Structures are given as C-alpha cells and as structure tokens.
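Lettering follows sequence order; numbering is per chain, from 1. In this text the structure is predicted, and so the values were computed from the model without any measurement.
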Amino acid sequence: MTISAEIQAKAAEWLTSGDVACVVGYERGTHGRTRPAFIYQGEDVARLIFDKTCTHNLTTYLPQLFNDGSLMKATHKLAPDASIAIITKPCDIRAINVLIGENQVSRERLKVIGVVCEGILDGAGKRAFVECEPIYTYQRRCRSCSERVPLVYDFLIGESVSPELVQEEENLRGIQDLTTSERAKYWLAQFDRCIRCYACRQVCPLCNCPACLYERDDSLWVGMGFGVDEKRTFHLGRAFHLAGRCVGCDECERVCPMGLPISLLNRRLAQEIETMFGYRPGIKPAFSPLTSILQQEQGIP
Amino acid sequence: MVEPMIVAFLCTWCSYTGADIAGISRLKYPANLRAIRVPCSGRVSPELIMRTFDQGADGVLVLGCHIGECHYDTGNHRTAKRIPVLQTLLSFVGLERERLRLDWVSASEGERFARIVNEFTEVVRELGPCHWRRFDQTRSMAVDNTLAFGAKR
C-alpha cells in the first residue's frame with residue numbers, strides 16, 4: 001500500500017467511526033502543486049495524498065482549530081470536545097510538542113498520523129514536479145535533518161530511513177566571519193526588502209498570539225512603519241520571541257515573497273539556546289527555558 | 001570627539017537607589033548616563049532595548065537587583081536569561097555585544113554603581129559611535145546582493 005492509500009484508509013476509518021471530526025492533510029492543488037486540505041466526511045478522503053512535495057507545516061492550523069474554530073465553515077463547526085486528526089512529518093511533530101507544552105493544543109483531542117520522511121523537495125509548494133524533470137534536490141532543512149521518524153504519533157506510516165546527513169552551516173558561519181559593520185550592512189540590505197506582509201508570522205505554528213505586538217498602532221516602542229529600523233525590530237523581535245521555541249521548519253523563509261533569509265536568525269538563536277541551556281525545542285512538551293527561572297548551575301553575569 | 005550617549009535602565013528597588021547612594025556619597029561617574037527608572041529589570045523587554053538603539057543610544061546598560069533579591073522574586077531571573085540571548089542576536093545582525101550590558105547593583109552599592117558606569121562608558125567610548133542608527137537614516141538602501149555569501153536567492 002502506498003503512503004497516500006494508508007493515510008486515506010486511516011482517515012476514513014477515524015472519520016466514519018466518529019473518532020475525529022476533521023482530518024487536516026494535503027491534497028493536490030492547481031498546477032500539480034500540493035496544498036493543505038481539511039476533510040470532514042469519510043467519502044472525501046480520496047483527496048488526501050502524501051509525497052515529497054508536501055512541504056507545508058499543517059500544525060499552524062491547530063491553535064486556530066482548537067481555540068476559536070475560526071478556520072471552520074459554518075457547516076463544519078466542531079463540537080467543543082471534538083477531536084482532530086493531522087498528518088505530519090517528523091519536523092512538524094516537534095511543533096506539536098511545543099504547542100502541547102504551551103497548552104495551545106490538547107493531546108487528548110489530537111490524533112497524529114506520523115509519516116516517516118525522506119525529505120521534501122526544494123521548491124515544493126511553489127511549482128509542480130513532473131517526472132521528466134532531471135534531478136531534484138532536497139530542501140536545506142531536510143539535508144541536515146537527523147530525525148526521520150516522528151517522535152509522537154498515534155499511527156505511524158512508513159519505515160525508518162537513514163539518509164546521508166550533510167552538516168550545512170556555511171551560510172551561518174559566512175555571516176559570523178564578517179566584521180560587525182559588514183554584518184550590519186548585509187542585514188540592513190535584507191531587512192530593507194521586507195514589505196511587512198506578515199506571511200512569515202502567519203505561517204509560523206508558534207506565532208499564535210491573538211494580537212501581534214508588531215501590528216498594533218497603539219504600542220509605544222515598536223512601530224508598524226516602513227522604516228528599515230522598524231522592519232528590523234519586527235524581524236529581530238520575532239526571532240527573539242521564537243528563541244527556544246522555533247523547531248526549524250523554515251516555513252517563514254519559504255513563504256517570504258521577498259526572499260529574506262529569516263531562518264538564519266532562527267538558526268543562530270537555536271544554536272545559542274542549545275549551547276546556553278542544552279535545550280532543543282520540541283523533543284518533549286515543555287516551555288522554552290528562556291521563560292523559566294534560573295537553575296543553580298547556570299552562570300550569572 | 002562626540003561623547004557617547006548611554007541609556008541605563010535602573011530597577012527602582014535596587015539600582016535606582018544605588019545610583020542615589022552614589023550621588024549622596026559624592027562619587028564621580030560620567031555624565032553620559034541617562035537613567036530610566038523601571039519597576040524591575042524584568043520589565044526591560046528586547047523591544048525597548050532595540051528602540052533605544054534605534055533612537056541613537058551608543059550603549060544600553062541594564063541594572064537590576066542581585067539574583068535572589070528581586071522585589072518580585074524572579075523578575076531578574078528572566079532578565080539574566082534574556083539579555084545574553086539578545087546580545088547574541090544583536091551581534092549576529094551587526095551590533096557589538098559590548099554595547100549592551102547587564103549587571104546587578106543593590107541599593108547600598110553606590111560605589112559599585114559608579115564603577116560599573118565608569119567601566120561601561122570607557123568600553124563604549126573605545127567602540128566609537130554606534131552605526132546602528134546611522135545606517136537607518138539612509139532609509140531606502142539599494143539592494144546589495146553582493147554580500148549574499150552563497151545564500152540562496
């Protein structure tokens with residue numbers, strides 16, 4: 001049985017038995033691309049697919065589905081105790097762990113179909129992949145990913161794979177090797193391109209504040225303006241809010257219409273959190289160590 | 001030579017009183033310091049610090065109570081965790097990490113307050129004027145992709 005068929009069978013089973021009210025998964029969209037799908041009836045499961053172009057991190061939808069149901073059409077309003085099933089890759093599972101740790105998602109009401117992942121193709125979500133095209137490359141996050149089997153799941157699909165790992169930190173080191181003023185110049189050129197569309201924030205599973213600090217017109221020390229300083233504060237502040245929480249799914253960088261290297265900021269902070277606190281987000285449901293009090297062994301300036 | 005401008009966020013329970021003690025004891029410390037009184041060093045969010053640099057500060061000093069002496073129990077624990085991470089982030093995007101300093105001054109340590117301000121002012125003076133603000137004034141920069149370091153796109 002193919003992965004898609006297994007997903008369809010399990011989704012149909014859960015939907016018809018009434019275990020879950022909604023299955024969040026992937027379907028084939030226009031021009032052969034994949035897109036997120038919400039399935040409410042057992043007869044619709046044939047739409048569900050999974051392949052190497054399913055790049056979206058579907059956990060983005062979970063806080064909205066659970067907390068205010070704002071994604072629901074009127075015909076599909078969920079009962080307050082209804083369960084939701086979600087199809088996830090190993091990287092998305094880490095985001096679920098963070099969300100559970102922060103009480104945004106209840107584990108009891110969530111059914112996870114975990115898929116063993118060999119990697120997602122570069123350019124997925126932007127264009128179609130046809131057989132005649134020569135060679136595809138995996139996305140950067142997939143080339144250096146060491147977790148191919150989901151950490152948490154109710155139903156696992158696929159067998160473990162052990163692909164070759166490529167340790168790729170050249171971009172990060174390339175920037176760290178520069179002098180301070182060269183770094184400032186590089187980053188200002190990047191932030192200057194930002195159009196403040198907030199796509200990075202919308203797509204992020206962990207950017208789930210009901211009101212965003214950076215989109216308020218009454219805040220006193222952050223602006224909504226277009227000055228490069230305000231755009232810089234937005235990106236740095238967002239990276240800081242994700243410190244110790246970002247699971248490195250790189251969706252922010254994928255959706256950025258201006259191609260800002262946002263994931264570099266997140267990766268640098270993830271590196272720092274790992275050296276400071278020995279903590280990797282999403283391995284187990286927990287709060288970020290940045291929000292807790294000091295332990296005795298930790299250094300104090 | 002332009003004098004550096006230093007903004008200090010002082011916790012009202014310890015460091016602000018410590019600054020008072022320094023004044024009462026007639027200790028000398030540089031006049032570059034602009035003190036801002038905050039209820040707790042945990043109040044100083046990263047956005048406040050970035051805004052301070054945006055507005056033209058050459059250095060930002062955050063002073064709070066010693067660990068274990070916070071009026072709100074654990075406010076300074078949070079500062080102690082946040083500031084080093086913020087320093088890393090700022091230095092990654094091109095601001096020297098020495099321009100931001102966190103330290104602890106209790107209500108009776110006027111001498112320590114004066115020493116820290118003296119040290120910090122010397123460090124910032126050594127670093128020279130901050131380019132963080134200067135770049136901003138050329139608001140729309142030409143897109144410079146020559147510095148892309150093999151980064152994609």
Side-chain angles (χ1 to χ4, degrees), chain A residues 122 140 170-172 174-193 213-214 219-223 226-230 232-233 235-237 239-241 243-244 253 259-261 264-265 268-269 271-273 276-277 289-294 298-301, chain B residues 45-55 66-68 70 73-97 99 101-104 127 130-153:
Chain A
D122 205 9
R140 189 207 58 76
E170 309 96 63
N171 288 355
L172 213 50
I175 291 174
Q176 282 168 305
D177 285 346
L178 295 173
T179 65
T180 310
S181 72
E182 279 171 339
R183 275 201 296 264
K185 200 173 165 227
Y186 169 74
W187 279 109
L188 276 163
Q190 303 299 325
F191 294 142
D192 192 40
R193 297 209 307 275
L213 173 67
Y214 299 99
S219 58
L220 294 171
W221 44 85
V222 290
F226 253 87
V228 73
D229 52 340
E230 291 178 343
R232 175 175 58 191
T233 309
H235 284 289
L236 298 187
F240 192 85
H241 293 174
E253 190 167 307
L260 265 65
L264 286 177
L265 296 172
R268 178 72 189 94
L269 282 186
Q271 210 181 46
E272 180 71 10
I273 295 285
M276 276 178 75
F277 304 107
L290 262 190
T291 57
S292 59
I293 62 169
L294 287 170
Q298 277 162 3
I300 296 160
Chain B
S45 68
E47 285 83 15
L48 274 178
I49 294 171
M50 286 193 270
R51 175 77 165 181
T52 315
F53 282 117
D54 284 347
Q55 300 269 311
H66 291 272
I67 294 291
C70 179
D73 265 8
T74 56
N76 52 5
H77 287 234
R78 290 155 212 282
T79 326
K81 289 194 161 186
R82 272 184 213 147
I83 300 281
V85 178
L86 184 64
Q87 281 176 324
T88 305
L89 181 62
L90 290 179
S91 83
F92 186 59
V93 295
L95 185 77
E96 295 90 346
R97 78 172 31 235
R99 290 191 190 271
R101 176 166 172 184
L102 168 68
D103 223 314
W104 315 122
L127 287 171
C130 179
H131 52 247
W132 192 251
R133 168 104 178 125
R134 199 181 67 222
F135 275 133
D136 288 347
Q137 288 167 346
T138 58
R139 277 175 94 89
S140 190
M141 297 176 63
V143 177
D144 185 359
N145 277 328
T146 55
L147 278 165
F149 320 110
K152 270 190 290 179
R153 287 175 290 241

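- Residue A:S219 does not touch chain B at all, counting heavy-atom pairs closer than 4.5 Å.
- Here the closest non-hydrogen pair linking A:W221 and B:E47 is CD1-CB, 3.8 Å.
- Scanning both residues, B:L89 and A:L265, for their nearest heavy atoms gives CD1-CD2, 4.1 Å.
- With chain B as partner, the option from A:F240, A:Y214, A:F191 having the largest number of non-hydrogen pairs under 4.5 angstrom is A:F240.
- Contact detail for B:P84 and A:M276: the closest heavy-atom pair is CB-CE, 3.9 Å.
- The contact between B:S45 and chain A is made entirely by side chain atoms (from C-beta outward), counting heavy-atom distances below 4.5 Å.
- Heavy atoms of A:W187 lying under 4.5 Å from chain B belong exclusively to its side chain.
- Counting heavy-atom pairs closer than 4.5 Å to chain A, the top-ranked of the candidates B:T88, B:I83, B:T74 is B:T88.
- Remark: the backbone N or O of A:P289 is paired with a side-chain donor or acceptor of B:K81 at under 3.5 angstrom.
- In this structure, chain A has a heavy atom under 4.5 Å from the backbone of B:L95, while its side chain stays farther away.
- The residue among A:Q176, A:E272, A:R268 with the most heavy atom pairs within less than 4.5 Å of chain B is A:R268.
- Of the two parts of A:L290, the backbone and the side chain both hold a non-hydrogen atom closer than 4.5 Å to a non-hydrogen atom of chain B.
- A salt bridge links B:D54 with A:R232: at least one charged nitrogen is closer than 4.0 Å to a carboxylate oxygen.
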